[in-house]
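Here's the structure, in structure tokens; my notes come after.
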Amino acid sequence: MILTKGEIAPEFELHTSPDEKIRLSDFKGQPVILAFYPADWSPVCGDQMALYNETLRFFRKFNAALLGISVDSKWCHMAFTENRNLKFPLLSDFEPKGAVSKLYGSYNETDGESKRSLFVIDDQGVIQWSYLSPTGINPGADGILDALEKLTLKLV
């Protein structure tokens with residue numbers, strides 16, 4: 001069961017490159033979108049990350065940061081980011097394998113990979129929306145944008 005609205009988003013620190021790590025708390029004061037996904041090079045994941053890359057300008061209108069997370073290695077993420085020309089960080093939940101995915105209830109023990117799940121976290125670190133998608137389905141961006149819009153309305 002993935003974490004749901006009203007729960008505090010668990011803190012984490014993961015590699016975004018061989019030499020750089022990112023913490024969730026680095027984004028305190030702004031909304032954060034966490035996009036957990038199974039694997040960099042799978043067709044559905046590739047399409048999902050490409051869609052989010054194209055949708056970044058809409059996320060940024062809400063001052064939201066987007067972070068992709070899978071159990072792929074930092075080296076795999078580097079190659080995938082470069083190949084797909086992604087403009088947002090992919091975080092490696094590689095070792096201990098799936099530790100952050102497990103914190104969010106987004107780890108598939110059977111397949112040893114992250115489930116395809118989305119979280120919108122507010123500027124105070126509270127989950128405001130979450131969604132678990134079937135593995136073979138690209139969840140799109142509409143739910144994320146709706147959640148960000150509701151966040152904005154709440155703040156006004």
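For the pair Asn108 (side chain) and Thr110 (backbone), a donor-acceptor distance under 3.5 Å is present. Of the possible polar contacts, none joining the Thr55 side chain to the Phe58 backbone as a donor-acceptor pair under 3.5 Å is found.
Ring planes of Tyr104 and Phe36: tilted class, angle from 30 to 60°.
At a threshold of 4.5 Å between side-chain heavy atoms, the hydrophobic network of Ile, Leu, Val, Met, Phe, Trp and Tyr places Leu103 and Val71 in two separate groups. In the hydrophobic clustering of ILVMFWY residues, with side-chain heavy atoms under 4.5 Å counting as a link, Leu145 and Leu51 come out together. Residues Leu24 and Leu3 share a single hydrophobic cluster, defined by chaining ILVMFWY side chains whose heavy atoms lie under 4.5 Å apart. Under the 4.5 Å side-chain heavy-atom criterion for ILVMFWY residues, no single connected hydrophobic cluster contains both Val120 and Ile2. Tracing side-chain contacts under 4.5 Å through hydrophobic residues (I, L, V, M, F, W, Y), one never reaches Leu34 starting from Val44; they form parts of separate clusters.
Evaluation of the ring-ring contact (aromatic ring centres under 6.0 Å, His included) rule for Tyr107 yields no partner, not counting sequence neighbours. Take Arg84 and apply the salt bridge (Lys or Arg N to Asp or Glu O under 4.0 Å) test, not counting sequence neighbours, and it matches no residue.
For Ala65 against Gln30, the heavy-atom pair with the smallest separation is N-NE2, 3.6 Å. Across all their heavy atoms, Ile127 and Ser130 have their closest contact at CG2-CB, 4.4 Å. For Ser117 against Leu132, the heavy-atom pair with the smallest separation is CB-CD1, 4.0 Å.
Distance CZ/Phe80 to SG/Cys45: 7.5 Å, rounded to 0.5 Å. Atom-to-atom distance recorded for Arg23:CZ and Lys28:NZ is 14.0 Å, nearest 0.5 angstrom. Separation of atoms CG (Leu86) and NE2 (His77) is listed at 10.5 Å; rounding is to 0.5 Å. Atom OG of Ser133 sits about 7.0 Å away from atom CD of Gln48, to the nearest 0.5 Å. With rounding to the nearest 0.5 angstrom, the CG atom of Asp123 is 11.5 Å from the CD1 atom of Ile121. With values rounded to the nearest 0.5 angstrom, Phe88 atom CZ is found 5.5 Å from Met49 atom CE.
The only member of Thr81, Leu91, Leu90, Leu67 that meets side-chain contact (heavy atoms from CB on, under 4.5 Å) when paired with Thr16 is Leu91.
The aromatic ring centroids of Phe119 and Trp129 lie 6.0 Å or more from each other.
Using modelled atom types, one finds a donor on one side chain and an acceptor on the other under 3.5 Å when comparing Asp72 with Ser70. In this model, a donor atom of one side chain and an acceptor atom of the other lie less than 3.5 Å apart for Gln128 and Asp122. Glu7 and Thr4 share a side-chain donor-acceptor pair at under 3.5 Å.
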Let me see the working for Ile22 and Phe27 under side-chain contact (heavy atoms from CB on, under 4.5 Å), right down to the final yes or no.
CA-CA 9 Å; Ile22 288 180; Phe27 300 93; 3.3 Å; yes

Could you please spell out the steps behind the side-chain contact (heavy atoms from CB on, under 4.5 Å) verdict for Tyr37 and Lys115?
CA-CA 6 Å; Tyr37 63 99; Lys115 296 176 185 174; over 6 Å; no

Please report the C-alpha distance between Lys74 and Glu20 in whole Å, then the side-chain angles of each, then the deciding distance to 0.1 Å, and finally whether the side-chain contact (heavy atoms from CB on, under 4.5 Å) criterion is met.
CA-CA 10 Å; Lys74 55 194 170 191; Glu20 183 182 2; over 6 Å; no

Check step by step if side-chain contact (heavy atoms from CB on, under 4.5 Å) holds for Leu148 and Ile33.
CA-CA 9 Å; Leu148 290 171; Ile33 304 156; 3.9 Å; yes

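The side-chain hydrogen bond (donor to acceptor under 3.5 Å, both in side chains) pairs that include a residue from residues 85-98 are Asn85-Lys87, Asp93-Ser101, where partners are two or more places apart or lie in different chains.
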